[in-house]
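This report concerns only the one structure given below.
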Amino acid sequence: MGDLAQEIVRDLPEITAATDTRDYLAHAARFAQRHEKYELIVDVDAHLQEAQFWPEIIELLENDVLKQTAQTMLKGGMAMPLSNLAPGLNFQSMAGRVPHQSGPRERTDDPATAGHRFVQIVRRTMDTMGVDYQVIFPTSMLLLGLNPADGVELYLSRAYNRWLCEIILPQEKRILGMVYLPFNSPEACEQLVKEFGGVSGVVGFTVTSVRFAPVHSPSYMRLYSMIEDTGKPLVFHAGPNWNDASFKTLNRFISMHSLSFVHYNLIHMTNWVINAIPERFPKLKVLWVESGLAWIPYLMQRLDHEFLMRQNEAPGLKKLPSDYMREMYFSSQPMEQVHPKALQVTMEMINAESQLLYASDWPHWDFNPPHTVTTLPFLSDQAKRNILGLNAARLFDLPIKRLRPRPEDVVAQRKTDVLDAPAFREAREEDAELRFPGQA
Amino acid sequence: MPEVNIGKASSFQDPGRRVVEIGSVQIGVFQLDGKFYAYENRCPHLGGPACQGKILPRVLEAVAEDKKSAGRVFSRDQLNIICPWHGFEFDIRTGKHVAISKYRLRPVPIRTGGGDVYVTLPRKGESGP
Ligand code: FES
């Protein structure tokens, strides 16, 4: 037995979907104390969970019929009318094992704190994880490209872009956004590029990858040209689709998720490269988001191998497919870390030092805090700096200026705030009522 | 290494859990079938607050004699603590990841005496994140 210490013992509650982001991510704030030396940290992929903000987006629908339809459905109790979120995707939180996936249910009613509820939550996330900027993407809308209903993608994307650009971005310069392109309607995409491309805080244009559109179609060439002229990147954001014919044979979410997030980007990248789009738009910057990293060397090897034999089918290429891919940008999440040697080779193959951008994917279940990058043993300090923020600063034309608070201050402030907060007390009461299956 | 009295044994449910913060150290304390277990509240994956997650029985694949799967079922005797950051599941009795045991929560010495529960704090520098 050692010495008996007289210490203050503080109870910590169970973490639930109602837990304040600052408490949920408190351990990330402790790690953030070790990444103080990095001058800029940009999280290029974080998410809005639209459900609780859906009525605000619906309100901005510019089609009366769709608006009336959606509002009637909302009144009837439907959470996200007009969206086509597949029921199987509710498995994301693993039956509550990863509660933040089902949030946010935290409180944001402190009268001392200004701002839209979503803005408040994003500020909490940025401060606690220790990032300077966060780029926001939608979640359920990632599947909108498959919505068969007339005009839904067109009008919802416009409403979302307005919500983002008119309500959210003006409130916080650390929040950045991408214009959602309704890719099923190329001309509408062009209109949105013109209308929202120059808004402060808009750093690119996103195509949600889950769709069956050939990216090399002639109907997109004017759009690519316009985006190239803006100097901002075109961003393919991956997503899941359990309804894809092949994926219907997968009986577990893990299987579908492992393949689906890669699948659509594999297809789009293949079409993009084999049709020599980079030769036609040499200044167009392209960023591939949320497919992890392992798929890139796989595709590089497959395409290079076949290209040397079948050059006549890809006559627009002046170099190997992998050479074009190495000039594109990739986001880091979800970083496959179980095989470090493979990860190291992957980073070398994609020129991670100049082409990789840190992404958290918060608040999704497979998120990566910044220390996913800072703790990698094989990267040089300069490579970490670049991946964490400097590559994003170059791509998005951001000033290299620290905006995040000191993590020590974030931790200390929260400790003082938390003890009397109603949410903390409620969470403790919930914890005290812990019951296990089979227990009375 | 200092020991800290964290309260009455009778204040714990069985099965039950408390996560305590003592200085900069966070420790998850569990009671299961009358026995106490304690681990640092730090996940071996990315340092998440593993002990503050949901507690659920282990999920098993029920395979019949004829090798046909009868789907997934809950274990009747194994309870897991699940890290809320990404879902790593650890057996409460061993602190080990249920499938790949090299991933494990760091155990903390724990004992009861005179009706109280005592944990031994890890040495400075041993604990994180
Ligand atoms: S940090 Fe615990 S599962 Fe990832």
Parallel, tilted or perpendicular: ring planes of B/H86 versus A/F367, cut at 30 and 60 degrees: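 The rings of B/H86 and A/F367 lie parallel, inter-plane angle below 30°.
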So does [X] have more than 12 non-hydrogen atoms from other groups sitting under 6.0 Å from [atom1]?
{"X": "A/I254", "atom1": "CD1", "value": "no"}
{"X": "A/F247", "atom1": "CZ", "value": "yes"}
{"X": "A/R252", "atom1": "CZ", "value": "yes"}

Select one option (side chain, backbone, both, neither) describing which atoms of [X] are under 4.5 Å from chain A's heavy atoms.
{"X": "B/F88", "result": "neither"}
{"X": "B/C83", "result": "backbone"}
{"X": "B/V59", "result": "side chain"}

Interface residue of largest heavy-atom contact number with chain B, from A/I15, A/N251, A/T375, under 4.5 Å: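 Heavy-atom pair counts peak at A/I15.
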Highest number of heavy-atom pairs under 4.5 Å with chain B: which of A/M94, A/H364, A/R97?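 The option with the most such pairs is A/R97.
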What is the distance from atom CD of A/E14 to atom NZ of B/K54, rounded to the nearest 0.5 Å?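 Those atoms lie 6.5 Å apart.
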Value rounded to 0.5 Å, distance of CH2 in B/W85 from CH2 in A/W365: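 Answer for the CH2-CH2 pair, B/W85 versus A/W365, is 16.0 Å.
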Would you say the side chain of A/D11 lies within less than 4.5 Å of the side chain of B/R18, judging by non-hydrogen atoms?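 Yes; the side chains approach each other to less than 4.5 Å.
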Within-4.5 Å side-chain heavy-atom neighbours: A/V9 and B/V4: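 A side-chain contact exists here, since the closest heavy-atom pair is under 4.5 Å.
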Worked check of side chain to side chain contact (heavy atoms under 4.5 Å, CB included) between B/I22 and A/I8: CA-CA 6 Å; B/I22 306 159; A/I8 294 171; over 6 Å; no
I would like to know whether A/Q337 and B/H45 meet side chain to side chain donor-acceptor pair (under 3.5 Å); could you show each step before the answer? CA-CA 10 Å; A/Q337 286 184 292; B/H45 177 216; 4.8 Å; no
Closer than 3.5 angstrom, by distance alone: can the side chain of B/Q52 be matched with the main-chain N or O of A/L12 as a donor-acceptor pair?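 Side chain of B/Q52 to backbone of A/L12, a donor-acceptor pair under 3.5 Å: no, none is there.
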